[in-house]
Amino acid sequence: MKRLFLVSVWFVFGACERIIPESLLEEEVLDGPIEGLSKSEQSQFLAGDIAFNEVFFEDNGLGPLFVATSCGSCHPGDGKGHPFTTLTRFGQTQPNVAPDLTIGGPQLQNRAIPGYEPESLPEGVPFMKFNPPAVTGLGLLSALTDQQILDNADPFDLDGDGISGVPNYITPPDYFIPQWYHQPFNGQFIGRFGKKAAAIDLLQQTVGAYNQDMGITSTFEPIDTSTGLSTDPEVSDQTIRDIVFYLRTLKDPIQRNPNDAQVIKGKQLFTDLNCSACHIPEWTTPQSDIASLSEKTFYPYTDLLLHDMGPALDDGATEGSAETYEWKTPALWGLGLSPGSQGGAYFLMHDGRAKSIEEAIVMHGGEAEQIKNDFVALSSEDKAAILKFLESL
Amino acid sequence: MKLTILTIYLSLFTLVLYGQVDSSLFKRTAIDTTLAKGMNMDAVYNRPFLNMGKLPVSLGGYMEADYQYMGEDGITEGHTFRIPRMTLFVASSIHRKIKFLSEIEFEEGGEEVAIEFAAIDFNFHPMLNLRGGVIMNPIGAFNQNHDGPKWEFVDRPVAATQMLSATWSNVGFGLYGKQYLKNWAFGYEVYLTNGFDDTIISNAENKTFLPSSKTNKERFEESNNGEPLVTAKMALRQNSIGEIGISYMGGVYNTYQDDGIILDVKRRLDVFAIDFNTTLPTLNTYFVGEWAWVWVNVPSSFTQQYGNKQQGGFIDIVQPILRRNIFGFDKAIINIACRLEYVDWNVGNFKETGDSIGDHLWAIVPALSFRPNAQTVIMFNYRYMQQTDILGNPAAKIGGIQLGIASYF
């Protein structure tokens, strides 16, 4: 009996570390802070993490019209979302024309708390569906200068490679404060975030999501989506700042198996096919107010520019200065981890219509038509190598 | 309110302290409170009480304390000590056929004080008893039979507490009765009480969550919609086999009108449960479990985040392996046990994809328990569970050890 007691004590206090479930490898998860944050920055990161996963319901401000009940509902584990929380945008059909808010735009709130009627899409109105993107590594993208983005723009395809790339110029909201790395153009600024790059910075992206996705008003966006009238703020400025900080300091996805022979081959083929003309692999940030974001080289595989993606991906609706057939090059980092946040399946392209990476490639058109055709013409071994490389990101 | 309750209880316990001067004044009813004894519906009275002289009041209670070292996907918050609850009972025989019992629970070190039970029973006939006051709705078995010292596990079953909202009690009236025939016993209970409220589909849990209504203390003062919640149970026991019970709880849960103004349609909540317990004759292996189904009318224009169907339950298997004098406790028992549990908070498919909705959990809890006597238990559990989010993403793996003590006093 004494022996049993001693064994029990050892088991409880000596073997604790071994009996909790193993942690996932760092490269297998998207959440977590970027390296090198100070203690105070870590605290704000945690505050932002909590706010990001705060659930809204009737008593704390949800709706009355909404799409999702928390940031984390759309971006589970900070990854790509599921069609369950797909957003529907409508109201603007021409570039640089303000959306028609009289018909309920710019976003459909397809859900309502009990006792209220959700919005329905006006008949015959063109619309776009946006499947929620991953939110990792956004701080690195936000730290880039507008000039770095413009350096890759080629609106008239002067280099003759068939790839243009134009920024989406956005009229800033009243609360927008330009930073040193922003460059105004006729009172507008380059958008970086969202499927059409319609948000200039993460503050605009965040308060827009609170307001349009969850029906949560703030001092930045005080208009209730159901009444069109201003209300008392339902989320504090500090909470919004915490979330913006959280988004800025989420780590960038870590590539898995970068030294695998097939991955290396796939990466080379990716370059050879000129996929990297739009999905630019490498960027380096300038100085940033967050030391961990300063002068850091990272690999998002995007140019943050709009490209003509062809008629099959033309939804007839748009945002900012983008044409209806133009879409921002999505970052490819974390692509292979998507099923881990999308319920075990892939839902790719802007609206989740592609159920595999290969399907997504084949759906490329417009400027990417030739590259798509080159991919289709590859041997099955070469295709497999490219797909393995993309899954490793 | 809290102050009044505390004052009453402190007064009664002052009498106990007085009695400690002369312990011969006390008489303890040393009954076997382990689960295999008596019908489940008797659980509220199947507890040890302390009687003092000729005072028509009996006192009792139980407390639970535990230590946990749990982690999720390799991340742990470290070592945690808790006192989940301490409960005090006061019972009184007002008349040979009229009795009163109350159960006041102090949760998490007194952070919450709740009346879990406070009812007067009138006995007209064994098959006809009237009960009124704060009653524990007889849905499943655990809700009425939840005392920590009766179980071999530190945590309460997830399905019972996070799907069925145990301990769920409410104000109301009802009838109950029992009939014995040789080795057989039949019992029934029917109650009308105040019910649930809108928070079951609007809460911080982001899921249909019946326990949310427990935070609404106004339910002890008035119904939120004027519609009674019906709870009914029938149970059959054969002494050498065990007991099986079927129960139903249902009613309108939402505030569909206020001040005569119609705000919404009436939305119902319906729960059906089956519970059982049995003991294998030779091995003395004891099985206890319950399974429940929940249907909630959730507006179709709301979000599927809140499911309209839930199901879940648990089974405990308890095997005594040693009965002898241990550490000076004669008739001490050591048990090995295992709990299997499962809850699906959202049974159904996504409208958008047709794929199955996740939001479920399963757990396995092997356990070792030491009972120095029938009223006290020391528990050592290893809990391992996997919880899947609504989208069905890879499950979070949660596990760790739990040490707990629970005893009536």
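Chain identifiers are assigned alphabetically (A, B, ...) following the order of the sequence lines, protein sequences preceding nucleic acid strands; residue numbering begins at 1 within each chain. None of the values given here were measured: they were computed from a predicted structure.
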Working to the nearest 0.5 angstrom, can you tell me the gap between [X] [atom1] and [Y] [atom2]?
X: B:Thr76; Y: A:Ile19; atom1: OG1; atom2: CD1; result: 9.5 Å
X: A:Phe84; Y: B:Ile390; atom1: CZ; atom2: CD1; result: 4.5 Å
X: B:Asp355; Y: A:Gln342; atom1: CG; atom2: CD; result: 11.5 Å

**Request:** Give a yes or no on this: more than 12 heavy atoms of other residues, nucleotides or ligands lie within 6.0 Å of atom NZ of B:Lys331.
**Result:** no

**Request:** Answer yes or no: does atom CD of A:Gln42 have more than 12 heavy-atom neighbours from other residues, nucleotides or ligands under 6.0 Å?
**Result:** yes

Side chain, backbone, both or neither: which part of [X] has an atom under 4.5 Å from a heavy atom of chain A?
X: B:Ile398; result: backbone
X: B:Tyr306; result: side chain
X: B:Asp264; result: side chain

Need one label for [X]: side chain, backbone, both or neither, based on atoms under 4.5 Å from any heavy atom in chain B.
X: A:Glu117; answer: neither
X: A:Tyr116; answer: backbone
X: A:Glu58; answer: both

**Message:** Taking the side chain as everything from C-beta on, heavy atoms only, tell me whether A:Phe66 gets closer than 4.5 Å to B:Thr303.
**Reply:** yes

**Message:** Do A:Pro114 and B:Asp198 make a side-chain contact, defined as non-hydrogen atoms from C-beta onward lying under 4.5 Å apart?
**Reply:** no

**Message:** Looking only at heavy atoms and a cut-off of under 4.5 Å, which of B:Arg267, B:Met70, B:Lys397 has the most pairs with chain A?
**Reply:** B:Lys397

For [X] and [Y], work out which heavy atoms get closest and say how close.
X: B:Asn203; Y: A:Phe57; value: C-CD2, 3.5 Å
X: B:Glu352; Y: A:Pro83; value: CG-O, 3.4 Å
X: A:Ile20; Y: B:Gly71; value: CG2-N, 3.6 Å
X: A:Pro339; Y: B:Asn393; value: O-OD1, 3.5 Å

**Prompt:** Based on non-hydrogen pairs under 4.5 Å, which of A:Gly344, A:Ser341, A:Gly81 is most in contact with chain B?
**Reply:** A:Ser341

**Message:** Students often mix this up, so state it plainly: with edges at 30° and 60°, are the rings of B:Phe350 and A:His82 parallel, tilted or perpendicular?
**Reply:**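 Geometry flag for A:His82 against B:Phe350: tilted rings.
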
**Asked** Would B:Asn206 and A:Ser73 count as a side chain to side chain contact (heavy atoms under 4.5 Å, CB included) if you check the C-alpha gap in whole Å, the side-chain angles of each, and the deciding distance to 0.1 Å?
**Response** CA-CA 9 Å; B:Asn206 216 13; A:Ser73 298; 3.7 Å; yes

**Message:** Donor-acceptor check, side chain of B:Asp73 to backbone of A:Ser23, threshold 3.5 angstrom: yes or no?
**Reply:**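 No; judged by distance alone, with no hydrogens or angles, the pair does not exist.
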
